[in-house]
Amino acid sequence: MYGIADLDNCYVSCEKVFRPDLEGKPIVVLSNNDGCVVARSNEAKKMGIKAGIPYFQLAQLFPGQKIAVFSSNYELYGELTGRVVSIIRQEAPAYFRYSIDECFMYLDGIEIDQLQEWGENLHNRVKREVGMPISIGLAPNKTLAKIASKLAKKYAAYKHCCMIDTEYKREKALAWCPIEDVWGIGRRYAAKLQALGCITALDFAKHHKEWVRVTFNNINIERTWQELNGEDVVPNEELAKKKSICTSRSFNGMISDYETLFTHVSNYAARCAEKLRMQHTVASIVGVFLNTNMFREDLPQYWNFMEQRLVTPTSSSITIIQTADEVLKKLFREGYQYKKAGVIVMGIGAESPIQQDLFDMNAEQIQKMRRLDEVIDRINRMHGTETIVLGAQQYTQKNGKGKAEVFANAIKHDFRSPNPTTRWADVIQLNAKVEKKKN
DNA sequence: TCTGGGGTCCTAGGACCC
DNA sequence: TCTGGGGTCCTAGGACCC
C-alpha cells in the first residue's frame, strides 16, 4: 500500500501557526513581488477567491471584505514543512518527498487492518507537534492514494485519513472524482476527455485499454488509466538529483539598463551555484533567459535564451556568475523594458571526480574557490540567506545626493511575516509584540 | 500601477553513424 | 526495374506536476 500526506493549504497553514487569532478567517498568501494569490484558507476559497488571481484585483473583486494577506515567506515554509517530514520519517517505513507540501509513503510492513488507525495517528501527531493539518490518502497505488487524500480533505467523517482498499470503495471514489482532478490529467487532457464523454474518473476507467491507446498514444495517460483500475505502474521516484536547476524572478517594475539586469542575473546565478553545492553536484552548461512584459502589448516584445558550455564543470559561484554575465552580454538588447530574467544550469553531474581541462585553472585555484564557497554557505546557513554575498550580487541605487547606496533585496514583500523559527531578531521582535499585546 | 517560480517526461523529426 | 536495416544523439514542442 501507498500513502500520501498532503498539507492542507500549506502556506496559509504555516502562517497560521504563529497567528492563531486568524483561525476561521479568510487568509491568502501571495507570490513574489506580491503578484498573485498562491494559497488560500478554506474561508477564502468559500468566498470565491480563485487561485492565481493578481493581488491588485482582490480589492476590486471583493470590495469591503476583510481578508488577511501575507507575502510569501519561503524560509518559514521550508522550516515548518521540514518538521512535518521529520515526523513522517519516524512513522513511515519509507517515504519520498514529492513537493514542499506532499510526501508519498511506502507502507509495506504495516498490517492492512491497522493502516486506518496509523494514518489518523500520523495526522494527530503532526497537528499536535507542528500545528498544521494534513490529509492522508491510502491506496494500492499513488494515483488512487491522491484521490483518497482529496476525499479525506473534503469529508470530516474520514478523520483526515481515507483508505481505498476494496473494489467497492474504488468505484465509489472514482465516481465522485471529476476527471480534471485526477493526478496526471491536466487541462488539455481533461478537455479532450470531457469532449469524449468522460466526466468522472470512473467514466475514463471504464473504457478499454485499447481505446486509451488509440485515442492518446501516450504512455503516461495509459499508466494513469491502469492505476485508476487498481494496478501499480507509475514508477516510484528515486531521491534523484536534479537534472537541471533554474532560478528566475519577475522584477518589481521593469528594467532596461544592463547594470541592474546584471545584478539580478548574478543573484540568480549565485543561487543556482548554491543549489548545485547543496546536492553535491556540478554543472557544465550555464543558460540565461530574458523576458519583456507580455501583458504590455503596447510595448515592444523580446524573448530569448542563450547558453554556454563550461570548460570544467563547476559549482563555483564566481565562475557561474562570470559565465552568466558573458551570456547576458550576448543576450541583451537595448531599447526593451525587461520584466523577468532567469539562470538555468544543466549538464549536471557528480561533484567528484571532475574532468579537468588541460588549459583551465590549476587545482590550487579551484580549491581556493571551493573553500570560499564553503565559508559563504556556512555563514548563510547560520545567519539566514544572503547574509553574505559576492560584490556582483549587491543592488545599488543613487540616493538624493547622487551617491550610490547599497540595498539588500529587490523583491517586494509588503506583508511578510517574521521568521520566528529561523531568525533570532524576528523571535525577539515577535515576543516583544506578544508582550505588548498582553500589557 | 500591479499579473509566480520552479521542475520532469514523452514524442517526433532530423542529422549522423555503420 | 529494382534502392536496407539497424542504431544514437539532439532539438523543439507539448504535455504534465507542485
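The sequence lines fix the lettering, A, B, ..., with proteins before strands; numbering per chain opens at 1.
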Quiz item: Which residues pass the side chain to side chain contact (heavy atoms under 4.5 Å, CB included) test with A/Thr247, sequence neighbours left out?
Solution: A/Arg249, A/Tyr268, A/Arg271, A/Cys272, A/Lys275
Extract from the structure each pairing of a protein N or O with an N or O of nucleotides 9-15 of chain C at less than 3.5 Å, listing the distance.
residue	atom	partner	partner atom	Å
C/dA15	OP2	A/Arg188	NH1	2.6

Quiz item: Does a donor on one side chain and an acceptor on the other come within less than 3.5 Å for A/Ser135 and A/Asp6?
Solution: no
Quiz item: Which residues satisfy the salt bridge (Lys or Arg N to Asp or Glu O under 4.0 Å) test with A/Glu120, sequence neighbours excluded?
Solution: none
Quiz prompt | Pairing residues for A/Asp101 by the salt bridge (Lys or Arg N to Asp or Glu O under 4.0 Å) criterion, not counting sequence neighbours | solution = none
Quiz item: Within the stacking criterion (centroid distance below 5.5 Å, interplanar angle below 30°), does A/Phe295 stack on B/dT3?
Solution: yes
Quiz prompt | Rounded distance in Å - CG (A/Asp414) to C1' (B/dT1) | solution = 13 Å
Quiz prompt | Spacing between A/Glu180 atom CD and C/dC17 atom P, to the nearest angstrom | solution = 11 Å
Quiz item: With ring centroids as reference points, do A/Tyr55 and A/Phe415 lie under 6.0 angstrom apart?
Solution: yes
Practice problem: Tell me, please, whether A/Phe216 has A/Lys192 positioned over its six-membered ring: NZ or CZ under 6.0 Å from the ring centre and within 45 degrees of its axis? | Solution: yes
Quiz item: Heavy-atom contacts under 4.0 Å between residues 4-14 of chain A and DNA chain B, which residues?
Solution: none
Exercise. Return no unless some side-chain N or O of A/Ser244 is found under 4.0 Å from OP1 or OP2 of B/dT8.
Key: yes
Exercise. Dot-bracket notation for DNA chain C is requested: 5' to 3', Watson-Crick or G-U wobble pairs only, both distances under 3.5 Å, with ( ), [ ], | and . as defined.
Key: ....||||||||||||||
Quiz item: Just to confirm, is there a sub-4.0 Å distance from OP1 or OP2 of B/dG5 to any side-chain nitrogen or oxygen of A/Ser250?
Solution: yes
Self-check item: Residue-phosphate contact under 4.0 Å: A/Lys339 side-chain N/O, B/dT3 OP1/OP2
Solution: yes
